[in-house]
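Let me begin by presenting the structure, written as structure tokens, before commenting on it.
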Amino acid sequence: MAKGGRHLAPSKRSSAGRRRSGGIRLVSSRGRGSAERPRRRPVLTMRRDILRAMLFFLLCFLMLSPVRGCILADGDYIGMAKAQSIAVDDAGIPPDKAQNVRTDMIKIDGEVYYKVQFTGSVTDYRYIINAETGKILTQVFYRLDKTQ
């Protein structure tokens, strides 16, 4: 017996001018000797599969939509450019001297803030600024070691 309850049987040859097949053919144990046609799927089954796929995509959309609300957007707040200018003005350096300026939106205890980092000539500056009011929450300065 072959896999799945099937066994190999020698093919029958007909002499009535039909096409002859040589070798071995695969026959199932259920319908030996009868020609098996592939079954067509009922229309209701196809409709059910289509509805199932539509339901799957709808559920995926609903599951992903709350994730979109967790992504922070800059539209309702003062803006990254304004937060950068607040930080550079507070540092007391000209805007063209600020190098490696990086601004990120972060959330701390449900409040949204801008984290602004940049480097001056000999100092590394880090600010956390309230995204709604523009008020500086924290500021940290690091002296850079330029002896290389």
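The CG atom of Asp104 sits 10.5 Å away from atom CD1 of Ile128, with the distance rounded to the nearest 0.5 Å. Between the CD atom in Gln84 and the CD1 atom in Ile78 there is a gap of 10.5 Å [rounded to 0.5 Å]. Within the model, atoms OG1 of Thr138 and OH of Tyr113 stand 9.5 Å from one another, a figure rounded to the nearest 0.5 Å.
A donor-acceptor pair is defined here as one N or O able to donate and one able to accept, closer than 3.5 Å; such a pair exists between the side chain of Ser85 and the backbone of Lys82. Tyr114 places no side-chain N or O within donor-acceptor distance of the main-chain N or O of Asn130, the cut-off being under 3.5 Å.
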Between Leu137 and Ile129, is the side-chain contact (heavy atoms from CB on, under 4.5 Å) condition met? List the steps.
CA-CA 5 Å; Leu137 180 69; Ile129 299 171; over 6 Å; no
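The salt bridge (charged side-chain N to carboxylate O under 4.0 Å, His left out) contacts involving residues 132-144 comprise nothing, where partners must be two or more places apart or lie in separate chains. Identified under the salt bridge (charged side-chain N to carboxylate O under 4.0 Å, His left out) test for residues 112-130, with sequence neighbours left out: Asp124-Arg126. Screening residues 87-96 for side chain to side chain donor-acceptor pair (under 3.5 Å), with sequence neighbours left out, gives Asp90-Tyr127.
Using a 3.5 Å distance cut-off with no hydrogens or angles, the side chains of Thr119 and Gln99 do not pair a donor with an acceptor.
With sequence neighbours excluded, the residues that form a side-chain contact (heavy atoms from CB on, under 4.5 Å) with Lys97 are Pro94. Residues satisfying the ring pair (Phe, Tyr, Trp, His ring centres under 6.0 Å) test with Tyr142, not counting sequence neighbours, are none. Residues meeting the ring pair (Phe, Tyr, Trp, His ring centres under 6.0 Å) test with Phe118, sequence neighbours left out: Tyr125.
A salt bridge is absent between Asp49 and Arg47; no separation between the charged side-chain nitrogens and carboxylate oxygens falls under 4.0 Å.
Here the side chains of Ile136 and Ile86 are in contact, with some heavy-atom distance below 4.5 Å.
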